[in-house]
Amino acid sequence: MPRFYVTTPIYYVNDVPHIGHAYTMVIADALARWHRLQGDDVFFLTGTDEHGDKIARAAEAHGVSPQEWVDATSRRFVEAWEGLDISNDDFIRTTEPRHHIAVQQFLQKIHDNGFTELGVYSGLYCVSCEDYKKESELIDGNCPIHGTPVELLEEENYFFKLSAFEGRLLEWYEANPDAVRPSSKRNEALGIIRGGLEDISITRTSTRWGVEVPWDSAHVFYVWYDALVNYLTAIGYADDPARFDSWWPAVHHILGKDIIRFHCVWWPAMCMAAGIDPPAHLLVHGWLLVSGEKMSKSRANQIAPSDLTDDFGVDAVRYFLLRDTPFGTDGDFSYEGITARYNADLANNLGNLLARVATVVGSKCDGMGPGADPDSRLAAVSATVVADAIAAWGEGQPHLALEATWRLIRETNAELETAEPWKAEPGPAVSAVLGSALEALRIVALLVSPAMPDTSAEIWRRLGLDGRPEDRRLPQDATWGGYPGGRAVEKAAPLFPRRSE
RNA sequence: GGCGGCGUAGCUCAGUUGGUCAGAGCACACGGCUCAUAAUCGUGUUGUCGCGGGUUCGAGUCCCGCCGCCGCUACCA
């Protein structure tokens, strides 16, 4: 059975979930659901990143222990993803014992292989970044990212010999041209590597809130170095080698462009250093802007996913995130944009199609849906659309998959317009037209189920079909003629009531 | 500064290897229809395809230069 292992980055618990996180999650979730629909064995992983001095300090500021703090803040992500119908199979937290064990084992291996060394690092340290800064990159003496003062810090650190992997990384990129997609992001990663790699400090002695270094208990690992290992922890790196081998390295890491360096440079090198293969697929998406501006705390333009789902509904939000932006480019969120998509695609096209078909089946067929016409013009349209959608989902291009799916919706509306079954007397001709429209809707329900699971199930139910669309299998169940006929079609409230503002 | 990308109707964008390529969706205007959620159907307006050259019988589609925007990267003189 084909397998599909997909991950999102694990989110830093000091952040509050916003639609940027949601964007990543919905893409990963849709891909996971798509692969399940194909019958693949899927493992979909997300989680939270919970170590580091910044978190320890936040806990202290709130008068609670670090563990109490991360228990509370991690929950915000769990709840946010439940609210978006995210179907992750596991939720990993870096403070879990299983993760500590895996990190220690993984980094011990790197240590044993001679890719660490002890050094003294003295420099200007930004607590917010948990990282050292060069004098030259400071702005007015402050951290260029956070705008906050840096502290002079000198500590003994272990370093990862990243510099030793420049050549091997370039060879790996050469041998695996599709490992990082899209190619524009691959080029950025190559640019970073060609620009020269320096060894990285990977431990801290200034905090205790982290994974203890197994060969030197005075140190804990730097957050990034423990976080990335989560992708291995969850599939049994430390405790189930057979399971680990069944999932690795054929992973699909979904990530935003801001963390290319960590995922596309450090992480493959770390894997090489530990003696395992680098991740096979790194899928880099752009940022979701808000009305053209980057989301940030200082701009106070972060939007909580629940604000949108309360307003538009979960599936409409998911649809917008997947449909509006080609994978890899920056997207833009605005109320005008999501409203336009909602009205045009969901209310006027999909929702209205279901409504008009249900009404006419009610008036011309006594509410019993007829079977599809095998000679319908829509049969060929459907075959093309299904093929295009499968190809697009397979390439990680949800917006193209949905665009293709909407072609079938449009064509079905057009077909009704041509045949005008509401004007005709009940009979074989009317039954053929309506049966074909119902069949098209059945196929649409299957094709949109990764994007809009609830909507898919509701269409399925109203068509009088048994079971759930998730239990069907593509492509075989999307071949023309699957609608059995003789089923009661339910006319009900609009799926997506049109919005006026 | 280097590398890369982009600039096509009001908006978002398609446009393979140069020859129905001047398009789609949305928005807008007028008309029709009524099965449907002020839905839908038909028709239509707007574009010097960033600017200037060049190659060619013929260029959004190739070459050179310029302008503007963006990403990555670097600070060399």
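Numbered from 1 within each chain, the chains take letters A, B, ... in sequence-line order.
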Suppose we define a pair by two distances each less than 3.5 Å, Watson-Crick or G-U wobble; what does [N] pair with here?
N	answer
B/C62	B/G54
B/A22	none
B/G68	B/C6
B/U40	B/G32
B/G47	none

Span that lies between the [atom1] atom of [M] and that of [N], in whole angstrom:
N	M	atom1	answer
B/G42	B/G47	P	24 Å
B/C64	B/G4	P	12 Å
B/C35	B/U8	C1'	39 Å
B/G23	B/G5	P	29 Å
B/C63	B/C72	P	26 Å
B/C21	B/G2	P	39 Å
B/U16	B/C6	P	12 Å
B/G1	B/C11	P	30 Å

Scan [X] against the nucleic acid and name what it touches under 4.0 Å (heavy atoms): base, sugar-phosphate only, or nothing.
X	result
A/Ala355	base
A/Gly195	nothing
A/Arg261	sugar-phosphate
A/Glu188	sugar-phosphate
A/Ser184	nothing
A/Leu354	nothing

For [X] and [N], give me the distance from atom [atom1] to atom [atom2], rounded to whole Å.
X	N	atom1	atom2	answer
A/Asp330	B/C13	CG	P	11 Å
A/Lys185	B/C3	NZ	C1'	15 Å
A/Asn349	B/G25	CG	P	11 Å
A/Arg499	B/A39	CZ	P	15 Å
A/Arg341	B/C11	CZ	P	16 Å
A/Leu346	B/C26	CG	P	13 Å
A/Arg194	B/G4	CZ	C1'	12 Å
A/Tyr342	B/U12	OH	P	24 Å

B/U40 phosphate, OP1 or OP2, under 4.0 Å from A/Arg356 side-chain N/O: no
Stacked cation flag A/Arg341 on A/Phe320, 6.0 angstrom / 45 deg: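 No, A/Arg341 does not sit over the ring of A/Phe320.
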Aromatic A/Phe312 / basic A/Arg499 pairing, under 6.0 angstrom, 45° off normal: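 Relative to the ring axis of A/Phe312, which defines the angle, A/Arg499 lies inside both limits.
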5'-most by nearest nucleotide on RNA chain B - A/Glu420 or A/Asn187: A/Asn187
Of A/Ala414 and A/Asp345, the one whose closest RNA chain B nucleotide lies more 5':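 Of the two residues, A/Asp345 wins.
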Should the ring pair [X] and [Y] be called parallel, tilted or perpendicular, given that the plane angle runs from 0 to 90° and is split at 30 and 60?
X	Y	answer
A/Trp34	A/Trp393	parallel
A/Trp224	A/His263	perpendicular
A/Trp266	A/Tyr225	tilted

Candidate nucleotides B/U40, B/U37, B/C35, ranked by approach to the side chain of A/Asn348 - the nearest: B/U40
Given B/U40, B/U37, B/C26, the nucleotide with the shortest approach to the side chain of A/Arg410: B/C26
Side-chain donor-acceptor contact under 3.5 Å, A/Ser436 with A/Asp373: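 Distance-only check fails for A/Ser436 and A/Asp373.
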Working for ring-ring contact (aromatic ring centres under 6.0 Å, His included), residues A/Phe165 and A/Phe115: CA-CA 10 Å; A/Phe165 290 90; A/Phe115 292 113; 4.8 Å; yes
Test: A/Arg33 and A/Glu470 ion pair at under 4.0 Å: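 No, no charged N to carboxylate O under 4.0 Å.
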Side-chain-base donor-acceptor pair under 3.5 Å for A/Asn352 and B/A36: yes
Syn-anti status, with the boundary at 90° from 0, for the nucleotide B/G15: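 Here the answer is anti: the torsion falls beyond 90° from 0.
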